[in-house]
Amino acid sequence: MQEISRRVFLLSSIAFPLGCTLTPSGRVPAPAAPGVRGPKTGQWWRYAKRDALTGRLVETQTAHITEVGETVTIERQREGGEERHPSWATKWL
């Protein structure tokens with residue numbers, strides 16, 4: 001059996017992952033473009049924040065897309081946003 005030098009081993013261990021990423025033509029494949037649609041005026045969504053221990057609904061946030069141009073303008077509204085657990089450090093302030 002033939003001994004392999006450290007240099008040959010290191011070079012081959014580097015070349016193996018490169019060979020798996022290249023296509024047979026030698027070029028790296030281009031990433032696929034995602035099919036994501038753009039936002040439209042009037043779309044909306046809702047976030048429901050819940051207490052992690054009890055699962056009780058703490059707050060609801062609603063977001064509406066109001067304007068679409070070079071930038072997208074989003075209007076947000078909160079409902080029921082009272083903090084029930086005061087900060088632990090307030091007693092020292």
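Below, all heavy atoms of this structure are taken into account, side chains as well, without hydrogens, waters or symmetry copies.
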Let me check something: any side-chain donor-acceptor pairs from residues 36-45 under 3.5 Å, sequence neighbours excluded? List them with distances.
unit_1 : atom_1 : unit_2 : atom_2 : d
Gln43  : OE1    : Lys40  : N      : 3.2
Trp45  : NE1    : Tyr47  : OH     : 3.1

Which heavy-atom pair separates Asp51 from Thr54 by the least distance, and what is that distance?
-> OD2-OG1, 3.2 Å
Side chains of residues 61-68: which donor-acceptor pairs under 3.5 Å do they make with residues two or more places apart or in other chains?
unit_1 : atom_1 : unit_2 : atom_2 : d
Gln61  : NE2    : Glu59  : OE1    : 3.3
Thr66  : OG1    : Thr73  : O      : 3.2

Got a sec, which residues hit side-chain contact (heavy atoms from CB on, under 4.5 Å) with Ala48, two or more places apart in sequence or on another chain?
-> Arg46, Leu57
